[in-house]
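Scroll down for the structure; my scribbles are underneath it.
Lettering follows sequence order; numbering is per chain, from 1.
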Protein chains: 2
Amino acid sequence: MASTEKDKGNRRVTIREVAEDAGVSVAAVSKVLRDAYGVSDTLRAKVRQSMDALGYRPLAAARGMRGQTYTIGLVLPDIRNPFFSDIMTGVNNALERTQYRALIGISQSSATGEMAIVEAMIDRQMDGIILIGATEDRANLDAIAARKPLVAVGHHEPDITTFDTVNNNDQQGGQLVVRQMVAAGYKRIAMIGLKSTTSTILAEREIGYRRGMIEAGLGSAINIVQESQTLRDVQITARRMLQAPNRPDAIFCWTDFIALEVISVATELGLRIPEDVGIAGYDNTVYCDFAQNGLSSIDQSGELLGLQATRLLIERIQGRSQAEHFVVPPRLVIRRSTSPG
Amino acid sequence: MASTEKDKGNRRVTIREVAEDAGVSVAAVSKVLRDAYGVSDTLRAKVRQSMDALGYRPLAAARGMRGQTYTIGLVLPDIRNPFFSDIMTGVNNALERTQYRALIGISQSSATGEMAIVEAMIDRQMDGIILIGATEDRANLDAIAARKPLVAVGHHEPDITTFDTVNNNDQQGGQLVVRQMVAAGYKRIAMIGLKSTTSTILAEREIGYRRGMIEAGLGSAINIVQESQTLRDVQITARRMLQAPNRPDAIFCWTDFIALEVISVATELGLRIPEDVGIAGYDNTVYCDFAQNGLSSIDQSGELLGLQATRLLIERIQGRSQAEHFVVPPRLVIRRSTSPG
DNA sequence: CAGAAAACGTAGAACGATACACGTAGAACA
DNA sequence: TGTTCTACGTGTATCGTTCTACGTTTTCTG
């Protein structure tokens, strides 16, 4: 009688019961919960004890009606890239001693993409949003930022004032790769980018690549191929590039996953790495280090990016309204794939 | 004046405004929202139109106070394994035409682990939870299931009645690997498992391995090494195994990531794959297919698992209370790493 | 055609927390 | 002594939905 079919188990302890148990007002308990002004140490202790004794946990939905939910949303384009795992680690480290929790949404797999998952997060009263590798245009990002604190990771827009950004210096990253390739003796250095008009990090890496080529006097050899990210397309593109009459002797891939696939294609074509063709990636994901890959790559300190993004977001939630733009320097990790001789 | 510092932008449209605009009661709008009984087509149309015109979106926090939040929680042990991406795709496909949204929590990175993230999800009034690769014991799982609909993916407990499970047949998977290795001529087949007392899928795979060995008359060569999942430990273990006097001529790794690392170590030791040592993994992640890896692996149809888990969960949310246990057959994908000669 | 049942719609009380407006006690100051 | 602060607590309206209870209209049935 007391519990219907849908009523799973014992009811939750409410703030009212805590208040009663501690012999104080509901408002006092709420204050303790929020670390708000106006509670003495003795009262706090009493309340805390009652909370523990009763096993009280605040209900986020109810909190959200008036205040915060202490939840931040992390939007990832997909889950496949292990680089995002590093970011996530940083986020969770930053959240360690706070009341906040991070929940992840995947934009790629969702029907209408990034905007849909962001709207869903706003509907769920998240306190702020970290957008990773944003594909939305400025207008949409502004629309989000107008409603919730927003931090974009992997999105260059240094003059924006409505939200914060956290990046590595992708331009410098691209340049570092080319410099090392040149130093290793490669000349016909190509780049594989992404068919995308919205990725600012890609644009930056391309600029870096161009700069590197030009400063090495290889301006005439600049060769950027843009392809979608599906395995099939990458294979076709890589094959075409590597079978061309004047094929590149090195390829800088905008992300590791592509680079690993290019290694695969090159191997199948009987080309030796790094002697016949040098290959480098970006993100320094865990797979780079495997002996069978030995992939040179740019490390952009994902954990630090995640940590910093979270800090900035919480600052925003707590009231900061001036934009901040954080940039870490990239670091090239040289491995076998670009070390001939 | 109208908006304070924390009041980001324009206020949301509420159900009340929709009701007013449509000239009906608030309750009627709510009924339309929930596809509840007792609304005529004309009323529904009127309300829908007003909702569109005003750009109304229901606030999950408010819904959660009385009813559902239309949110399901997906708990992953970590984000690094691309296999989880397949599951996620299945989940999102299943959610396609529903009001539900999936949000992901990562248990590994969180301080107190799985239980903490599940509690956080319950605090946030999620309607149900999908737990992937559960590490909690039965008592804890029961405690969760007592409060919210629960589906465990990658957790064998076929006699449990309080929640549903979705699995591939891990025992059969292990057996398939051994059979193929035996057929390929390997004899001293070892297995690398995980240092864990709670993973039932691991236990099943081990049983499959044993079965396979015994049925091939190799019972005396059974050799299971259990190691943690950190890169460093795997390296050390792999090195030790491959440098032992009577080293295995094939290694079945409980998951692809370990297998790739073992390939790496073997390569560095100058062992040829598959001639000197055969290697197989589990999950058939995207990296298996790369030419430089060519890793044989078990495909357990992650997408199907995710789809099915979601369906079962929604059934549970809608009232089913009898347990269901879904199992897909595994499929061995043979590649170079176990194909000598 | 009466009566019952089904369909449609409404009003208003929850849900569990927060936040605002206030009250009170004691200290500090003139 | 009276006034003004400050620190600490309390009472209660409120957030945006859902849900229960209950009227009213329409449709069905014998």
Think B:S30 has a side-chain N or O under 4.0 angstrom from the OP1 or OP2 of D:dT18?
yes
B:A27 has its side chain closest, among D:dG16, C:dA17, C:dG12, to C:dG12
Under 4.0 Å, counting only non-hydrogen atoms across every strand here, what does B:R57 touch: a base, just sugar-phosphate, or nothing?
sugar-phosphate
Rounded to whole Å, how long is the line connecting atom CZ of A:R66 with atom P of D:dT17?
15 Å
Reading DNA chain D from 5' onward, which residue's closest nucleotide shows up sooner: B:Y56 or A:S25?
A:S25
Can you see if the side chain of B:Y37 gets near the phosphate of C:dA7 - specifically, an N or O under 4.0 Å from OP1 or OP2?
yes
Rounding to an integer number of Å, can you tell me how far A:L59 CG sits from D:dT17 C1'?
14 Å
Are there more than 12 heavy atoms of other residues, nucleotides or ligands under 6.0 Å from atom CD of B:Q99?
yes
What integer distance in Å separates B:Y70:OH from D:dT17:P?
13 Å
Rounded to whole angstrom units, what separation is found between the CD atom of B:Q125 and the P atom of D:dT17?
16 Å
Output, in order, the C-alpha distance, side-chain angles, deciding distance and verdict of side-chain hydrogen bond (donor to acceptor under 3.5 Å, both in side chains) for A:H155 and A:T165.
CA-CA 7 Å; A:H155 180 83; A:T165 66; over 6 Å; no
For B:T14 and D:dC15, is the shortest distance between a side-chain N/O and OP1 or OP2 below 4.0 Å?
no
Rounded to whole angstrom units, what separation is found between the NZ atom of B:K31 and the C1' atom of C:dG9?
6 Å
Over how many whole Å does the gap from A:I15 atom CD1 to D:dG9 atom P extend?
15 Å
Would you indicate, yes or no, if D:dA7 has its OP1 or OP2 atom less than 4.0 angstrom from a side-chain nitrogen or oxygen of A:S40?
no
For the side chain of A:L43, counting heavy atoms from C-beta on, which of D:dG9, D:dT17, C:dT18 is nearest?
D:dG9
Side-chain N or O of A:R34 versus OP1/OP2 of C:dA19: is the shortest distance under 4.0 Å?
yes
Which nucleotide in the set C:dG16, D:dT18, D:dT10 lies at the smallest distance from any side-chain heavy atom of A:A28?
D:dT10
Does one side chain, of B:T135 or B:E114, offer a donor that lies under 3.5 Å from an acceptor on the other?
yes
A:K46 NZ to D:dC8 C1', straight-line distance once rounded to whole Å
11 Å
When rounded to the nearest 0.5 Å, the distance separating OH of B:Y70 from CZ of A:R124 is 11.0 Å
Would you call A:D164-A:R320 a salt bridge at under 4.0 Å N-O?
yes
How close or far is atom C1' of C:dG16 from atom CZ of B:R63, stated in whole angstroms?
18 Å
Minimum-distance nucleotide to B:V26 side chain [options: D:dT17, C:dT18, C:dG9]:
D:dT17
